[in-house]
Amino acid sequence: MTKTSKPLLRSEIPGLQLLVRGKVRDVYDLGERLLIVATDRLSAFDCVLPTPIPGKGALLTQLSSFWFRKTARIVPNHLLSSDLDEIQRELPRGVKLDAELYAGRVTLARKARRVDAECVVRGFLAGSAYKEYRASGSVCAEPLPAGLVESARLSSPLFTPSTKASVGHDENISRAHLAEAVGRETALELERLSLALFRTAAAHAEARGLLLADTKFEFGFIDKRLHLIDEALTPDSSRFWEKGAWKPGVSPESFDKQFVRDWLERCGWDKRPPAPPLPPEVVEGTASRYREAHRRLTE
């Protein structure tokens with residue numbers, strides 16, 4: 001994996017037009033293409049934290065590139081390159097990317113017309129799905145068997161779409177609501193592709209000692225065909241568990257943002273901006289979990 005030597009909280013690239021600054025990624029407009037910069041920002045509870053996680057952006061970029069290549073037979077994706085030298089040759093004359101800041105964390109991608117929905121797939125009952133199940137016995141209007149406990153493995157992966165919110169919480173929606181929002185044919189295709197991606201990724205992860213508890217995908221139309229966009233199957237968008245430590249009713253060790261969430265829950269923060277800075281041990285603990293997920297999944 002390409003490593004960066006400097007942490008990056010906020011990119012500034014003279015000569016390029018910033019299209020959007022998201023929670024983690026800064027996106028620049030190149031006409032028919034996009035330059036996507038994965039920073040070392042980390043968000044939790046809908047708030048961007050002030051402390052960077054060194055190397056995180058490069059880990060996200062390289063892991064997404066791995067999955068984009070591995071799943072291209074299932075669905076095409078927007079990836080053109082994540083190689084800095086290749087990307088540099090495609091930028092306008094006079095625009096220079098500092099290798100110490102940008103190597104490993106930039107993606108050149110095709111521009112897509114985004115579908116405004118998060119395509120969440122769950123293989124286990126955890127997080128917001130478990131809370132909803134406890135309250136109603138269902139998840140996104142899909143009834144589940146009675147008596148399930150937290151972290152239980154579902155009999156088959158469950159497609160649970162949500163809204164795509166630019167700020168604040170994404171909200172779980174039913175499959176019928178998704179069909180109303182994007183059209184029946186598109187909704188069915190989103191579900192089919194999401195489940196196929198999940199099954200492929202879950203099998204790959206489990207063979208490497210990790211369980212893919214849940215994940216979310218984003219799609220967009222390029223040349224009237226659905227493509228996988230944004231990122232894919234990283235610790236930012238997925239819940240990975242230690243396979244050997246998993247059992248129903250217990251939250252196993254995870255390789256994702258849960259380590260940070262747990263600390264934020266304990267520190268007394270009221271979950272309103274601004275978020276508190278992270279102590280060094282939490283920064284390193286988070287970084288090491290991201291590195292381990294990348295190592296296991298890609299080696």
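Scope of the values below: all heavy atoms of this structure, side chains included, with no hydrogens, waters or symmetry mates. What you see is a predicted model; the values in this text were computed from it and never measured.
- A search for salt bridge (Lys or Arg N to Asp or Glu O under 4.0 Å) contacts involving R114 returns D116, not counting sequence neighbours.
- Taking NZ from K224 and CZ from R113, the interatomic distance works out to 10.0 Å, rounded to the nearest 0.5 Å.
- Taking K257 as the reference, nothing meets the salt bridge (Lys or Arg N to Asp or Glu O under 4.0 Å) condition, with sequence neighbours excluded.
- For R93, there are no side chain to side chain donor-acceptor pair (under 3.5 Å) partners at least two apart in sequence or on another chain.
- For F219, there are no ring pair (Phe, Tyr, Trp, His ring centres under 6.0 Å) partners two or more places apart in sequence or in a different chain.
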What side-chain donor-acceptor pairs closer than 3.5 Å can you find for residues 275-286, not counting sequence neighbours?
unit_1	atom_1	unit_2	atom_2	d
E284	OE2	R291	NH2	2.6
T286	OG1	V282	O	2.8

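- Qualifying side chain to side chain donor-acceptor pair (under 3.5 Å) partners for E292, counting only residues two or more places apart in sequence or in other chains: R295, R296.
- R184 contributes no side-chain N or O that, together with a main-chain N or O of A179, makes up a donor-acceptor pair within less than 3.5 Å.
- Sequence neighbours left out, the pairs with a member in residues 80-91 that pass salt bridge (charged side-chain N to carboxylate O under 4.0 Å, His left out) are R33-E90.
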Acceptor/donor pairs from residues 146-162 side chains to any protein atom, 3.5 angstrom cut, sequence neighbours excluded:
unit_1	atom_1	unit_2	atom_2	d
S151	OG	V250	O	3.0
T160	OG1	R122	NE	3.0

List the atom pairs, with distances to 0.1 Å, where a side-chain N or O of residues 193-200 and a protein N or O form a donor-acceptor pair under 3.5 Å, not counting sequence neighbours.
unit_1	atom_1	unit_2	atom_2	d
S194	OG	L190	O	2.7
T200	OG1	A196	O	3.2

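- Residues satisfying the salt bridge (Lys or Arg N to Asp or Glu O under 4.0 Å) test with E132, not counting sequence neighbours, are none.
- Partners of K96 by salt bridge (Lys or Arg N to Asp or Glu O under 4.0 Å), not counting sequence neighbours: none found.
- A ring-ring contact (aromatic ring centres under 6.0 Å, His included) check over residues 253-286, counting only residues at least two apart or in different chains, returns nothing.
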